[in-house]
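The basis for the numbers below is simple: all heavy atoms, side chains too, and nothing from hydrogens, waters or symmetry mates.
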Amino acid sequence: MTDNRLKVLIPEERIEARVAELGREIRERMGDGPITCIGVLKGSFVFMADLVRAIGGEVRCEFLGVSSYHGGTRSTGVVRITEDLRHPIEDQDCLIVEDIVDTGLTMDYLLRMLAVRGPRSVRVCTLLDKPAHREIDLDIDFVGFQIPDEFVVGYGLDLGEFYRNLPYIAVYTP
Ligand code: PRP
């Protein structure tokens, strides 16, 4: 099925290779101990599934439900928590797993929200970094790909809830 609104930006094989590398980089820098991976729903669910397997070893999987776009193509800056972590993260080495960091408002909110729960450390891994509209200076520890200022879908990222199941990242042009 071809959809001429979609243009492949990052093909499946490049994602696969980069995720494997990220897994190795994360273990190198975070060590061999347990890592609590916190996937930010919904967008991160595909990346999270591949990344935790690439990291290997002792990994806890937690999820945070967050909504900030409310269905459009632009960030509103309003972060809504729709599902909280199931377990405490006190004294744990945590890794927030995102599909994309755009304005940075969501990540900034999450970092402040998690910091008060007493984790040993909190690092950030995003598959995509889109710096064009960054509104807040953020330290992102692990970045899969830096992308240009385009609206992208696939591999977890949606437009009106569709396209999350594409195995690649595509630029969407209406
Ligand atoms: C996306 C993405 C991040 C956020 C990044 O989520 O998953 O959570 O936007 O944008 P920002 O850096 O401008 O804050 P979205 O609200 O689209 O929800 P979804 O993950 O459920 O698709």
Side-chain angles (χ1 to χ4, degrees), residues 9-69 79-131 136 138-147 152-158 161 163-169:
L9 180 69
I10 311 171
E12 198 173 351
E13 315 75 64
R14 274 187 71 206
I15 298 177
E16 197 183 311
R18 185 68 189 117
V19 171
E21 269 172 18
L22 282 172
R24 288 191 291 270
E25 284 174 31
I26 288 164
R27 271 296 170 205
E28 262 168 44
R29 281 165 57 191
M30 295 186 69
D32 292 333
I35 298 176
T36 302
C37 290
I38 302 173
V40 183
L41 296 172
K42 294 177 188 173
S44 72
F45 78 102
V46 179
F47 178 42
M48 174 89 165
D50 287 340
L51 187 69
V52 292
R53 285 176 287 181
I55 293 172
E58 288 189 297
V59 169
R60 295 185 188 90
C61 296
E62 287 284 331
F63 292 94
L64 266 178
V66 168
S67 179
S68 60
Y69 277 13
V79 177
R80 199 159 51 96
I81 299 295
T82 56
E83 169 151 352
D84 204 345
L85 303 176
R86 298 275 172 93
H87 301 99
I89 53 166
E90 207 177 333
D91 293 327
Q92 295 177 13
D93 290 311
C94 299
L95 181 69
I96 304 179
V97 179
E98 259 291 20
D99 53 338
I100 186 165
V101 176
D102 186 2
T103 63
L105 294 169
T106 305
M107 190 53 72
D108 180 63
Y109 181 90
L110 294 180
L111 285 166
R112 284 186 286 120
M113 172 189 149
L114 295 177
V116 299
R117 301 185 184 189
R120 184 183 301 130
S121 65
V122 180
R123 288 185 174 83
V124 174
C125 178
T126 186
L127 178 72
L128 306 176
D129 177 20
K130 187 158 92 172
I136 289 187
L138 278 179
D139 271 339
I140 308 179
D141 303 274
F142 307 98
V143 173
F145 303 94
Q146 220 177 65
I147 60 162
V152 290
V153 296
Y155 198 69
L157 291 104
D158 75 310
E161 295 303 325
Y163 300 118
R164 294 193 197 274
N165 58 337
L166 293 177
Y168 51 86
I169 302 281

Residue pair [X] / [Y], side-chain heavy-atom distance below 4.5 Å:
X	Y	result
Ile35	Arg27	yes
Cys37	Ile55	yes
Arg80	Ser67	yes
Arg60	Pro34	yes
Arg123	Met30	yes
Leu110	Ile81	yes
Val52	Val97	no
Lys130	Val152	no

Exercise for review: Show your working on salt bridge (Lys or Arg N to Asp or Glu O under 4.0 Å) between Arg117 and Asp84 and close with a plain yes or no.
Suggested key: CA-CA 12 Å; Arg117 301 185 184 189; Asp84 204 345; 3.0 Å; yes
Quick one: side chain to side chain contact (heavy atoms under 4.5 Å, CB included) partners of [X], sequence neighbours excluded?
X	result
Pro88	none
Leu111	Ile96, Met107, Val122, Val124, Leu138
Arg18	Glu21, Leu22, Glu25, Phe145
Arg86	Glu62, Glu83

Review point. Ile100 and side chain to side chain contact (heavy atoms under 4.5 Å, CB included): which partner among Leu127, Ile147, Asp129?
Key: Ile147
**Study point:** Name of the residue among Ile10, Val101, Asp102, Val143 meeting side chain to side chain contact (heavy atoms under 4.5 Å, CB included) with Leu128
**Key:** Ile10
Practice item. List for me each residue that meets ring-ring contact (aromatic ring centres under 6.0 Å, His included) alongside Tyr163, sequence neighbours excluded, and say none if there are none. Key: Tyr172
For the residue pair [X] and [Y], what are the closest heavy atoms and their distance?
X	Y	answer
Ala54	Ala20	CB-CA, 4.2 Å
Arg164	Asp158	NH2-CG, 3.3 Å
Ser121	Asp93	OG-OD1, 2.6 Å
Cys125	Phe47	SG-CZ, 3.8 Å

Going from [atom1] on [X] to [atom2] on [Y], what distance comes out if it is rounded to the nearest 0.5 angstrom?
X	Y	atom1	atom2	result
Met48	Phe63	CE	CZ	4.0 Å
Ile15	Ile169	CD1	CD1	4.5 Å
Ile136	Asp108	CD1	CG	3.5 Å
Thr126	Phe142	OG1	CZ	12.5 Å
Leu114	Leu64	CG	CG	6.0 Å
Glu58	Thr36	CD	OG1	10.5 Å

Review point. Regarding Ser44 and Asp99, is there a side-chain donor-to-acceptor distance under 3.5 Å anywhere?
Key: no
Review point. Any side-chain donor-acceptor pair under 3.5 Å between Asn165 and Tyr155?
Key: no
**Study point:** Residues Asp91, Arg120: salt bridge by 4.0 Å N-O rule
**Key:** no
Check your understanding: Is there any salt bridge (charged side-chain N to carboxylate O under 4.0 Å, His left out) pair reaching into residues 30-47, and which pairs are they, with sequence neighbours excluded?
Key -> Lys42-Glu161
